[in-house]
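Computed from a predicted model, the values in this text were never measured in an experiment.
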Number of protein chains: 2
Amino acid sequence: MEQRIEKIKKQLHSQSYKLTPQREATVRVLLEHEEDHLSAEDVYLLVKEKAPEIGLATVYRTLELLSELKIVDKINFGDGVSRYDLRKEGAEHFHHHLVCVECGAVEEIEEDLLIDVEKQVESDWGFQVKDHRLTFHGICKKCQVVTVKS
Amino acid sequence: MEQRIEKIKKQLHSQSYKLTPQREATVRVLLEHEEDHLSAEDVYLLVKEKAPEIGLATVYRTLELLSELKIVDKINFGDGVSRYDLRKEGAEHFHHHLVCVECGAVEEIEEDLLIDVEKQVESDWGFQVKDHRLTFHGICKKCQVVTVKS
DNA sequence: TCTATTAATTAGAATGATTATCACCTAAAA
DNA sequence: TTTTAGGTGATAATCATTCTAATTAATAGA
């Protein structure tokens, strides 16, 4: 935990941003909820427990900043809220998501499945790919069982 | 054009919805702007030219309905607005998008590039894929030229 | 250290997209 | 014709996000 915060601090400093107490509190919340896909509101409520004087706008600004620095990924599942994910150590890209249309669970895929597809896009469309967003909608393992049973 | 409207009419009827004049006007606008990615507001303004008495809420309701029937796809490029695309004749899935981070242009890919990836997800993660959303962010052909020149 | 300047913060107002409500309307069924 | 079930338009309400103004903290230079 502390090392990762230290690292993020350096990333901020390298762009002459500071790791203020509010920003640190926000980052800590993200680290403690790496598996979840928190909305700005969610983050705000969690940060407030440690740093009650923080403002919602500050959380938004912090998430926006972290997003620009590629420390977090801002994602959108189409439910009208942006969600923020810590980018995994060393990851170049967005990870992918499996969204269950039955129960709403979100699973993550760390592996990059799109190497070949990106190559194809670059050669066939002349489009220089920088990043991607891939989400599958379907039925997760758990819900498949339920469906079969009922 | 007329055949496609006829077809959409049937799709609506099959779920006991009606193709009202407002709905038809909305569908016509979508058909006439198949290549664009119109927001609800855009659609509203265009429909208003033909049917000035239509209300914004009706446009939203119509787009939502068409989206449920998989006649249009509701997409989200993260700019805070939902956009609506007519689904191509016979297409099972969402098409993919190439969004240029320089000029904002959006190009479409009709081909389904994800057949193999979907198979892999189904076998490796036991997730039954129903649909997908794939967007690439990068630099389009045009902007690559400009970048090289300058 | 003191001071000027700049960056960051907060609370709350403002904005913009979307959804809900409600009174009215229409078309077709009974 | 009366009934019924959707549809519709205007407008209000809601919700996420951004902006604003005033305040405070941090920093660099004298």
Side-chain angles (χ1 to χ4, degrees), chain A residues 8-9 11-29 36-69 71-85, chain B residues 8-29 37-69 71-85:
Chain A
I8 289 167
K9 189 173 181 179
Q11 284 178 270
L12 284 166
H13 283 165
S14 76
Q15 311 274 322
S16 60
Y17 293 114
K18 292 173 248 173
L19 185 65
T20 63
Q22 290 89 339
R23 287 177 183 166
E24 181 171 338
T26 305
V27 168
R28 280 184 191 278
V29 164
D36 307 341
H37 297 80
L38 303 175
S39 67
E41 184 84 28
D42 295 336
V43 174
Y44 172 61
L45 293 174
L46 289 165
V47 174
K48 244 177 144 31
E49 292 174 8
K50 317 181 171 197
E53 72 297 346
I54 201 171
L56 176 57
T58 301
V59 171
Y60 269 103
R61 273 187 300 252
T62 301
L63 292 171
E64 196 55 37
L65 177 61
L66 294 173
S67 177
E68 274 165 32
L69 297 180
I71 295 167
V72 309
D73 289 327
K74 184 177 180 181
I75 49 179
N76 206 305
F77 293 138
D79 58 352
V81 208
S82 292
R83 293 165 189 284
Y84 299 85
D85 277 15
Chain B
I8 288 167
K9 189 173 180 178
K10 276 181 196 151
Q11 284 179 269
L12 284 166
H13 284 165
S14 75
Q15 312 274 321
S16 62
Y17 294 114
K18 293 175 239 174
L19 185 64
T20 63
Q22 291 89 339
R23 287 177 183 168
E24 181 171 337
T26 305
V27 168
R28 280 183 191 277
V29 163
H37 298 81
L38 302 176
S39 67
E41 184 85 27
D42 295 337
V43 174
Y44 173 61
L45 293 173
L46 288 165
V47 175
K48 243 178 144 35
E49 293 174 8
K50 318 181 170 199
E53 72 298 344
I54 201 171
L56 177 56
T58 300
V59 171
Y60 270 103
R61 275 186 298 243
T62 301
L63 292 172
E64 196 55 36
L65 176 62
L66 294 173
S67 176
E68 273 164 33
L69 297 180
I71 295 167
V72 308
D73 290 327
K74 183 177 179 181
I75 49 178
N76 204 307
F77 293 137
D79 58 352
V81 209
S82 291
R83 292 166 189 284
Y84 299 85
D85 278 14

**Student:** Check salt bridge (charged side-chain N to carboxylate O under 4.0 Å, His left out) between A:K50 and all other residues, then give those that pass, not counting sequence neighbours.
**Tutor:**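 Checked A:K50 against salt bridge (charged side-chain N to carboxylate O under 4.0 Å, His left out); matches are A:E32.
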**Student:** Below 4.0 angstrom, which residues in residues 75-83 of chain A have at least one non-hydrogen atom near DNA chain C?
**Tutor:**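 Contacting residues: none.
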**Student:** How many Å lie between CG on B:L38 and P on C:dT18, as a whole number?
**Tutor:**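 So the CG-P distance, B:L38 to C:dT18, works out to 13 Å.
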**Student:** Looking at the side chain of A:A40, which of C:dT19, D:dT17, C:dA8 is the nearest nucleotide?
**Tutor:**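 So the side chain of A:A40 is nearest to D:dT17.
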**Student:** Suppose we screen for salt bridge (charged side-chain N to carboxylate O under 4.0 Å, His left out). Which residues come up paired with A:K48, at least two apart in sequence or across chains?
**Tutor:**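 With neighbours one apart ignored, the set is empty.
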**Student:** Would you please name every residue forming a salt bridge (charged side-chain N to carboxylate O under 4.0 Å, His left out) with A:D36, sequence neighbours left out?
**Tutor:**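 Testing A:D36 for salt bridge (charged side-chain N to carboxylate O under 4.0 Å, His left out), a comparison that skips the adjacent residues, returns none.
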**Student:** What is the distance from CD of B:E24 to P of D:dG7, rounded to the nearest Å?
**Tutor:**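 The distance from CD of B:E24 to P of D:dG7 comes to 15 Å, rounded to the nearest Å.
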**Student:** Could I get the full list of salt bridge (charged side-chain N to carboxylate O under 4.0 Å, His left out) partners for A:E64, not counting sequence neighbours?
**Tutor:**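 A:K74.
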**Student:** Distances for protein N/O vs nucleotides 26-30 of chain C N/O pairs under 3.5 angstrom?
**Tutor:**
none

**Student:** If I compare all heavy atoms of B:L56 with all of B:Y44, which pair ends up nearest, and what's the gap?
**Tutor:**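 Closest approach of B:L56 to B:Y44, heavy atoms only: N-CE1, 3.3 Å.
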**Student:** Give the rounded distance in Å between these two atoms: CG of B:L65 and C1' of C:dT19.
**Tutor:**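 So the CG-C1' distance, B:L65 to C:dT19, works out to 15 Å.
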**Student:** To the nearest angstrom, how far is B:Y44 atom OH from C:dA17 atom P?
**Tutor:**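 For the pair B:Y44 OH and C:dA17 P, the rounded distance is 13 Å.
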**Student:** Could you give the CG-to-P distance, from A:L63 to C:dA8, as a whole number of Å?
**Tutor:**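 Rounded to whole Å, this separation is 16 Å.
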**Student:** Just jot down the ring-ring contact (aromatic ring centres under 6.0 Å, His included) partners of A:F77, sequence neighbours excluded, or say none.
**Tutor:**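 If we apply the ring-ring contact (aromatic ring centres under 6.0 Å, His included) test to A:F77, skipping adjacent residues, the hits are A:H37, A:H97.
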**Student:** Please name the residue in the list A:T62, A:V43, A:V59 that meets the side-chain contact (heavy atoms from CB on, under 4.5 Å) test with A:I54.
**Tutor:**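 It is A:V59; the other options fail the test.
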**Student:** Quick one, which residues of residues 49-57 of chain B touch DNA chain D with a heavy atom under 4.0 Å?
**Tutor:**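 The answer is B:E53, B:I54, B:G55, B:A57.
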**Student:** Grab the NZ-P distance between B:K48 and D:dT8 for me, whole Å please.
**Tutor:**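 From B:K48 NZ to D:dT8 P: 14 Å.
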**Student:** Is B:R61 touching bases, backbone alone, or none of the nucleic acid, heavy atoms closer than 4.0 Å?
**Tutor:**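 Base contact.
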**Student:** Rounded off to whole Å, could you give me the OH-to-P distance for the B:Y17 and D:dG7 pair?
**Tutor:**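 Going from OH in B:Y17 over to P in D:dG7 covers 7 Å.
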**Student:** With heavy atoms under 4.0 Å as the rule, sort A:T20 into base, sugar-phosphate or nothing.
**Tutor:**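 Touches sugar-phosphate only.
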**Student:** I'd like to check the side chain to side chain contact (heavy atoms under 4.5 Å, CB included) partners of A:E49; sequence neighbours left out, ordered by chain and number.
**Tutor:**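 Expected list: A:L46.
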**Student:** List for me each residue that meets side-chain hydrogen bond (donor to acceptor under 3.5 Å, both in side chains) alongside B:E24, sequence neighbours excluded, and say none if there are none.
**Tutor:**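 B:E24 satisfies side-chain hydrogen bond (donor to acceptor under 3.5 Å, both in side chains) with B:R28 only.
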**Student:** Tell me every residue that passes side-chain hydrogen bond (donor to acceptor under 3.5 Å, both in side chains) with A:S39, counting only those two or more places apart in sequence or in another chain.
**Tutor:**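 A:S39 satisfies side-chain hydrogen bond (donor to acceptor under 3.5 Å, both in side chains) with A:D42 only.
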**Student:** Under 4.0 Å: is that the gap between some side-chain N or O of B:Y60 and OP1 or OP2 of C:dT18?
**Tutor:**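 Yes, within the criterion.
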**Student:** Quick one: side-chain hydrogen bond (donor to acceptor under 3.5 Å, both in side chains) partners of B:T58, sequence neighbours excluded?
**Tutor:**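 Result, side-chain hydrogen bond (donor to acceptor under 3.5 Å, both in side chains) vs B:T58: B:R61.
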**Student:** B:K74 NZ to C:dA17 C1': how many Å, rounded?
**Tutor:**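 Those two atoms, NZ and C1', are 11 Å apart.
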**Student:** Got B:R83 and B:L38 here, is their nearest side-chain heavy-atom distance under 4.5 Å?
**Tutor:**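 Counting from C-beta outward, B:R83 and B:L38 never come under 4.5 Å.
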